[in-house]
Amino acid sequence: MTVTEQHTPIEVRKIPFEFPDDIEPVWNPGHHEWSHMINGASLTMPYLEPFLIATLREAAGEIEDPDVLEEIAGFCSQEGQHFRTHRRYNEILKANGYPMLADVEDALKAGYQRMRDRRSLTYRLAYSAGFESMTMGVTAWLVNDRRKLFGGSDTRVASFALWHMVEEVEHKRVAFDAYQAAGGPYWQRALGVLTGSAHVFWWARKGCIAMLKHDGRWRNPRSRIRLWMRTGAFFVAVVPGALRTALPGHDPRREDDPEWVRDWIAGYATADPDFVPRLDTDHPDIPVPFDTDHPGSAA
Ligand SMILES: [Fe+2]
Ligand SMILES: [Fe+2]
């Protein structure tokens, strides 16, 4: 299947999410460890996503297909919105009790700079395509289990986290297309699913552990069991799909998008540009936050 046959534009949404000072880093009461797992992932984004952008922009210099080049431009704009929003959220984490996260950020910055300096473009593209493939499983997990994972949580954090995942689905094909257009070998793309996923997971874990240590929970057996349980749920939900994306013949276009994601995208298209799509995390179903009869207002 060519890119042209399923060419849909990637929309860049500049949503004014707000992170006022009263946001609690444990944004999901009763799910302390899970809150920090998401916080740890958020911490990586202002370093990972600029790396992805730089890699795809560099690849664009070697790609001639105009559709892939257009996709890359949309991808870079979406990822740019993501990491800037995460950076603002991460500042709140540091200001509201976790200043030591700056040390993890310093290490992340140095780590991604080393990758840029030492790794070939093909390696970095494979890492990017692999990580982006893995996120499809993460999105399906977060969306399909949203009641358990986000129910009763701070909507300002839940809404921004799920917006990010919606757009990951929207641009799921781009890093793969860039890798294919750049002519990288199959085996390296397959390996990239492992290296990209494991590397980001390892960094996210570092941030999570730093926060749990600060809270005095890292050596607490009950806390550790809760962390293992949620980490295990992550692996069960994500690993089979990630392995499937590593198979020969994988095409992101054939991966099903969750219905909730499709509804979110369709709903946002009816909303005013400055509308902030806040989820009702107390609703038993956490529906998409749009009322298509009254564009621009919450459902
Ligand atoms: Fe992103
Ligand atoms: Fe992405």
Side-chain angles (χ1 to χ4, degrees), residues 3 8-15 17 19 37-60 68-90 105 108 112 115 124-143 157-182 189 192-201 203-204 207 234 238 241-242 245-246 250-253 255 257-258 261 264-265 268 277:
V3 175
T8 49
I10 293 168
E11 185 176 349
V12 180
R13 304 175 184 87
K14 297 181 178 177
I15 301 176
F17 288 105
F19 303 116
M37 285 173 71
I38 290 288
N39 293 338
S42 178
L43 202 67
T44 67
M45 295 301 155
Y47 304 92
L48 164 69
E49 292 186 314
F51 168 85
L52 300 177
I53 291 169
T55 300
L56 265 70
R57 282 201 176 131
E58 189 178 332
V68 178
L69 293 173
E70 188 184 331
E71 284 184 348
I72 290 175
F75 173 96
C76 292
S77 296
Q78 279 197 338
E79 297 292 32
Q81 291 300 314
H82 297 170
F83 84 75
R84 289 185 189 95
T85 310
H86 278 279
R87 184 186 281 154
R88 290 196 289 117
Y89 175 67
N90 296 346
E105 290 183 315
L108 268 162
Y112 276 104
M115 289 245 298
R124 286 179 281 126
L125 261 182
Y127 175 111
S128 303
F131 173 77
E132 290 284 314
S133 297
M134 184 275 299
T135 62
M136 286 187 275
V138 178
T139 301
W141 179 47
L142 296 184
V143 165
V157 181
S159 304
F160 131 73
L162 286 174
W163 154 73
H164 188 167
M165 301 320 296
V166 164
E167 293 196 345
E168 289 303 312
V169 167
E170 198 171 31
H171 71 227
K172 65 185 179 183
R173 65 192 182 276
V174 180
F176 174 87
D177 285 347
Y179 185 83
Q180 298 297 96
R189 182 186 71 74
V193 176
L194 179 66
T195 54
S197 307
H199 189 242
V200 178
F201 179 84
W203 279 114
F234 165 82
V238 171
T245 69
H250 163 70
D251 184 339
R253 290 165 178 74
E255 297 288 323
D257 299 341
V261 169
W264 193 105
I265 290 172
Y268 187 84

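Residues: numbered from 1 along the sequence shown. Numbering of ligands and ligand atoms starts at 1, following listing order.
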Exercise for the section: Return each pair, listed once, that meets side chain to side chain donor-acceptor pair (under 3.5 Å) where at least one residue sits in residues 51-60; pairs must be two or more places apart or across chains. Expected result: E58-R124

Completion exercise
With sequence neighbours left out, the residues meeting salt bridge (Lys or Arg N to Asp or Glu O under 4.0 Å) with E168 are none

Practice task
Check for a donor-acceptor pair, side chain of K172 on one end and backbone N or O of E255 on the other, with a separation under 3.5 Å.
Solution key: yes

Handout entry: Shortest non-hydrogen contact from V143 toward P258
Key = CG1-CB, 4.0 Å

Problem - Sub-4.5 Å side-chain heavy-atom contact between E170 and M165 - result: no

Exercise for the section: Using the test ring pair (Phe, Tyr, Trp, His ring centres under 6.0 Å), find all partners of F75 that sit at least two apart in sequence or belong to another chain. Expected result: H171

Fill in the blank from the handout: So, leaving waters aside, the tally of protein N/O/S atoms less than 2.8 Å from the Fe ion (ligand 1) stands at 5

